[in-house]
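Notes for the one structure printed next.
Residue numbering restarts at 1 for every chain, and letters A, B, ... go by the order of the sequence lines.
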Protein chains: 2
Amino acid sequence: MKHKGHTNPPGRQKIIEALTRLMWAKDFHSVTTAEIAELAGVTEGLIYKYFKSKKELLYQVLNDLFAQFNQAVLDRMADKASAIEKLEVIIRSSIEYYTANRVFARILLLEVRTSPDYFRSEAYARVKAYARTILEVIQMGIQQGEIKANTDPLILRKVILGTIEHACLGEIIFTRDLDVQAITYSISTIIFNGAKA
Amino acid sequence: MKHKGHTNPPGRQKIIEALTRLMWAKDFHSVTTAEIAELAGVTEGLIYKYFKSKKELLYQVLNDLFAQFNQAVLDRMADKASAIEKLEVIIRSSIEYYTANRVFARILLLEVRTSPDYFRSEAYARVKAYARTILEVIQMGIQQGEIKANTDPLILRKVILGTIEHACLGEIIFTRDLDVQAITYSISTIIFNGAKA
DNA sequence: GGATGTGAGTAAGTATTACTCACCAACATT
DNA sequence: AATGTTGGTGAGTAATACTTACTCACATCC
């Protein structure tokens, strides 16, 4: 019998937690279903009751984690009036959250992107919605005259997201610590004021 | 007997070519050693004569491809005098090369980064050397007064590399085409002149 | 010109892995 | 009392990455 996905039984939650914990130590591919089942205290078969595949399990984990991340950023953005302030909050919050939740960051920025299935998943739909929010902030900034009128909003978003991701990747992979305030300031300065003298 | 790696016999080259060709159609993990061997016209055992593991094979493929990429960019940078011009060449060449060689880009930006072994590989050493070259260009630009003196060179590099990668990722994954000239111009404008009005 | 070693390649394994399927035991609902 | 649904088990299975023992061809050296 197949699970319909309208409940959240303890076994299911244990499986999600087990994968998340195991991914502190190694990458997704190196984690086996046997390990997950053992740590969760269930049988391997149960994993496939709740998730179509090992990958699908990963996407669900990401989906849960991203929902939290998204909410955290939106909350912090709420009280900022100007578009540039909002974008600064996005930069600072992302870096903060990524470094504080390395497993989440690794899943989002590295593990899922390799396979095409991800881009049809619920998790990716959430990521897309988040990206749209950023785009709207940029467009608002242009309308209000805060951001140069000739700026391509899609490209500015790429600059912002790409920079954030690249800035965190090194620290995530090598588990180095970084000074969130200093990096946020440096990034904002370059993106908003330009590098040219 | 183990292979010592001082020659490049036909079998070895066939294996590398086979993996590269197979990765046009699917991601690395979905490509099996059986498939590689069949397309190369050799036995599975031979793969493990020349490569310690399937991953090691991937790193070697990347190593070869990155060497070409690196050389192509350096050649194009050679005749540019100013630092900003050099950086523009880097941006344009990267985007051009990534979109023209999607398999290379996918390996470099997506497939290898998931496992820690990569960061100890020869291929990664090459990538690091390339990154150092970019850093030197930025430092030169600061010394010559082209780039703002208070710019953090490491952060500017992150902005440039992060933006390039993010800009290409979407197009690589969804195999969309992009206007290299237009995107290069937009990116350069934002990074060098800033987004703020 | 036999002995010795070495590089290129094969063939037949093996342990592990992701995934399946039939089944069980409660507990609702009809 | 019959029927279905949910949460969970346990014994499988095909396929996969990797290993080991083995050829064959060809240099080189005394």
Side-chain angles (χ1 to χ4, degrees), chain A residues 1-23 25-62 107 111-112 114-118 121, chain B residues 1-23 25-62 107 111-112 114-118 121:
Chain A
M1 197 209 315
K2 274 273 144 180
H3 185 257
K4 301 204 171 51
H6 296 303
T7 58
N8 195 12
R12 200 191 115 100
Q13 201 52 44
K14 295 287 277 308
I15 290 166
I16 288 180
E17 279 161 22
L19 174 60
T20 311
R21 283 189 53 189
L22 286 166
M23 283 193 65
K26 42 183 154 181
D27 65 283
F28 176 67
H29 184 227
S30 303
V31 176
T32 67
T33 50
E35 282 177 311
I36 297 169
E38 201 201 316
L39 187 60
V42 299
T43 53
E44 277 188 68
L46 195 62
I47 297 175
Y48 294 90
K49 267 280 146 56
Y50 297 125
F51 310 97
K52 280 209 300 283
S53 65
K54 198 186 147 196
K55 272 183 192 170
E56 257 269 324
L57 164 58
L58 182 67
Y59 303 155
Q60 293 264 1
V61 171
L62 176 61
I107 296 175
E111 303 279 10
V112 293
T114 50
S115 77
D117 323 348
Y118 162 64
S121 75
Chain B
M1 196 210 317
K2 273 273 143 180
H3 186 255
K4 300 202 173 54
H6 296 303
T7 57
N8 196 13
R12 200 190 114 100
Q13 201 52 44
K14 292 290 277 304
I15 290 166
I16 289 181
E17 280 161 22
L19 175 60
T20 311
R21 282 188 54 189
L22 285 166
M23 282 193 65
K26 41 183 155 181
D27 64 284
F28 174 67
H29 184 226
S30 303
V31 176
T32 69
T33 50
E35 281 176 313
I36 298 169
E38 202 201 317
L39 186 60
V42 299
T43 54
E44 277 189 67
L46 194 63
I47 297 175
Y48 294 90
K49 268 279 146 57
Y50 297 125
F51 309 97
K52 280 210 299 285
S53 65
K54 197 185 147 195
K55 272 183 193 170
E56 257 269 326
L57 164 59
L58 182 67
Y59 302 156
Q60 294 264 1
V61 171
L62 177 61
I107 296 175
E111 304 278 12
V112 293
T114 51
S115 78
D117 323 349
Y118 163 63
S121 75

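- Taking atom NZ on Lys14(A) and atom C1' on dG8(D), their separation rounds to 13 Å, with Å as the unit.
- Separating the CD atom of Glu56(B) from the P atom of dC18(D) is a distance of 11 Å, rounded to the nearest angstrom.
- Of all nucleotides listed (dA18(C), dA21(D), dT9(D)), dT9(D) comes nearest to the side chain of Val42(A).
- Closest approach to the Tyr50(A) side chain among dT9(D), dG7(D), dC19(C) is made by dG7(D) (side chain taken as heavy atoms from C-beta onward).
- Atoms NZ and NE2, on Lys54(B) and His29(B) in that order, are 5.5 Å from each other to the nearest 0.5 Å.
- Neither OP1 nor OP2 of dG10(D) sits under 4.0 Å from any side-chain N or O of Thr43(A).
- Between Tyr48(A) atom OH and dA18(C) atom C1' the separation is 4 Å, expressed in whole Å.
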Inset, instruction - Go through the steps to decide whether Met23(A) and Leu58(A) satisfy the test side-chain contact (heavy atoms from CB on, under 4.5 Å), and finish with yes or no. - result: CA-CA 10 Å; Met23(A) 283 193 65; Leu58(A) 182 67; 3.8 Å; yes
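- Rounding to the nearest 0.5 Å gives a distance of 14.0 Å between CD1 of Ile36(B) and NZ of Lys14(B).
- One atom, NZ of Lys49(A), and another, C1' of dA18(C), lie 16 Å apart when rounded to the nearest Å.
- When the P atom of dA18(C) is taken as reference, atom CD1 of Ile36(A) falls 7 Å away, rounded to whole Å.
- Per the geometry, CG belonging to Leu46(A) stands 14 Å off C1' belonging to dC21(C), to the nearest Å.
- Rounded to an integer number of Å, the gap from CZ of Phe51(A) to C1' of dT20(C) is 17 Å.
- Distance CD (Glu38(A)) to P (dT16(C)): 14 Å, rounded to an integer number of Å.
- Of the listed nucleotides (dC18(D), dA17(D), dG9(C)), dC18(D) has the atom at the smallest distance from the side chain of Ser53(B).
- Using a 4.0 Å heavy-atom criterion, one finds that Thr33(B) contacts the bases of the nucleic acid, with or without backbone contacts as well.
- Shown here are the side-chain contact (heavy atoms from CB on, under 4.5 Å) partners of Lys55(B), two or more places apart in sequence or in another chain: Phe28(B), Ser53(B), Tyr59(B), Ser115(B), Asp117(B).
- For Lys54(A), a side-chain nitrogen or oxygen approaches OP1 or OP2 of dA18(C) to under 4.0 Å.
- Remark: Glu44(B) engages Thr33(B) in a side-chain hydrogen bond (donor to acceptor under 3.5 Å, both in side chains) (not counting sequence neighbours).
- Here Gly45(A) lies in heavy-atom contact (under 4.0 Å) with a base.
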